[in-house]
Protein chains: 2
Amino acid sequence: MINKKTKYALKALIYLAREYEKGPILISVLARDENIPKKFLELILLTLKNNGVLQSRMGKGGGYFLACHPRAINVGQVIRILEGPLAPVQCVSETAYARCEECESEELCGIRMVMKDVRDAMAEILDSTSLADVLEKIENAKQKESKILNFVI
Amino acid sequence: MINKKTKYALKALIYLAREYEKGPILISVLARDENIPKKFLELILLTLKNNGVLQSRMGKGGGYFLACHPRAINVGQVIRILEGPLAPVQCVSETAYARCEECESEELCGIRMVMKDVRDAMAEILDSTSLADVLEKIENAKQKESKILNFVI
DNA sequence: TAAAAATCTACTTAATCGATAGAAATAAAA
DNA sequence: TTTTATTTCTATCGATTAAGTAGATTTTTA
């Protein structure tokens with residue numbers, strides 16, 4: 001299970017992706033619209049900024065905005081920033097590999113073999129899904145919903 | 001990242017799968033051979049028993065053994081017992097579904113759509129990999145290793 | 001009845017989660 | 001230059017979980 005921080009981060013980023021190139025967005029607006037505790041959101045946005053996903057402007061007229069195009073930010077990246085590596089065990093992590101201490105032979109570890117497949121499957125999905133893709137998915141779902149509604153009416 | 005409890009559980013189960021139908025195995029033997037703190041392992045085996053994966057006999061000549069054939073116990077099941085649901089967010093869990101409070105429309109939640117795919121991919125792998133499969137994988141890896149060794153010599 | 005096992009209950013220590021508080025730095029506008 | 005609006009930094013909090021330990025109890029067999 002991903003933690004709330006990560007969920008909030010994704011919510012905020014999807015929001016900012018929708019508002020891309022419409023100027024800086026206030027933390028307070030984001031917090032209100034997405035129902036996120038403001039002070040908590042501050043920390044989250046800051047770490048996203050420190051990791052190059054967001055940019056900000058201080059002072060009047062300031063706020064946060066995406067550091068690059070929504071197509072250039074993917075969900076895997078965001079999860080790794082807030083949650084750490086995707087891999088279920090560190091010995092199969094591509095971004096934060098570390099040997100499992102107590103494990104004798106890495107090559108012959110059954111757990112490792114299974115978890116490698118899991119990691120790869122997760123990474124395949126998360127690293128290939130950009131914020132733009134997420135927006136698109138939402139749009140598609142809306143289309144579908146309105147079609148059904150139309151049909152019912 | 002899965003926790004140590006889960007890792008220990010899988011190690012123990014793989015061990016017991018290898019010794020399937022050779023009678024009960026002592027906690028102390030398991031703890032020694034797999035390098036797991038004995039007292040900690042006790043708790044783990046007990047919860048595995050309480051969840052129907054293991055059986056035990058008390059007293060002299062007692063110990064733990066698999067409750068069913070290694071082909072009938074899969075990794076997903078074990079992880080769910082010790083770690084909880086596979087799903088990254090509760091609203092896509094098949095085994096422990098719950099609505100995300102703050103989420104307005106489940107159907108239109110982008111995070112949910114992505115995480116649904118992730119959950120399905122994980123479940124696909126973990127629920128289709130039995131303890132017997134893991135043993136097989138290990139055997140294959142051993143074969144491969146010895147072949148390479150032979151080639152070098 | 002003694003020994004050998006699993007089982008149960010409770011505790012510990014450290015870390016992490018989900019926040020909150022308040023002051024400091026910065027930028028723009030008046 | 002001062003005020004105002006904003007982000008940024010540092011610290012703290014209470015609750016929960018992780019990883020393990022301790023010790024007494026129950027059950028079984030020989």
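All values reported here derive from a predicted model rather than from experimental measurement. Residue numbers begin at 1 in each chain, while the letters A, B, ... track the order of the sequences.
Distance L45(B) CG to dC8(C) P: 13 Å, rounded to the nearest Å. Note: CD1 (I36(A)) to C1' (dT20(C)) measures 16 Å, nearest angstrom. As a whole-Å value, the separation of F65(B) CZ from dA5(C) P is 15 Å. Atom C1' of nucleotide dA18(D) and atom CG of L82(B) are separated by 13 Å, given to the nearest angstrom. For L41(A) and dT7(D), the CG to P distance is 9 Å, given to the nearest whole Å. At whole-Å resolution of the value, CD1 in I27(A) and P in dA25(C) are 18 Å apart. The interatomic distance linking L46(A) (CG) with dA24(C) (C1') rounds to 14 Å, in whole Å.
No side-chain donor from either of T47(B) and N50(B) sits under 3.5 Å from a side-chain acceptor of the other.
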Going 5' to 3' through nucleotides 10-19 of chain C and flagging B where a protein heavy-atom sits under 4.0 Å of the base, S where only the sugar-phosphate is that close, and - otherwise, we get -------SSB
Each nucleotide of nucleotides 23-30 of chain D classed B (base within 4.0 Å of a protein heavy atom), S (only sugar-phosphate) or -, in 5' to 3' order, makes B--BBBS-
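Scored by the side-chain hydrogen bond (donor to acceptor under 3.5 Å, both in side chains) test, S93(B) finds no partners at all (sequence neighbours excluded). With sequence neighbours excluded, the residues forming a side chain to side chain contact (heavy atoms under 4.5 Å, CB included) with P24(A) are R57(A), F65(A), listed by chain and number. Applying the side chain to side chain contact (heavy atoms under 4.5 Å, CB included) criterion to E106(B), with sequence neighbours excluded, gives C91(B), Y97(B), R99(B), R112(B). Checked against side chain to side chain contact (heavy atoms under 4.5 Å, CB included), T129(B) has the following partners two or more places apart in sequence or in another chain: V114(A), V75(B), I125(B), D133(B), V134(B), K137(B). Residues forming a side chain to side chain contact (heavy atoms under 4.5 Å, CB included) with K4(A) (at least two apart in sequence, or on another chain): Y8(A), E101(B). Scored by the salt bridge (charged side-chain N to carboxylate O under 4.0 Å, His left out) test, E139(A) finds K142(A) as partners (sequence neighbours excluded).
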Identify all side-chain donor-acceptor contacts of residues 27-41 of chain B below 3.5 Å with residues at least two apart in sequence or on another chain.
| from | atom 1 | to | atom 2 | distance (Å) |
| --- | --- | --- | --- | --- |
| D33(B) | OD2 | Y15(B) | OH | 2.6 |

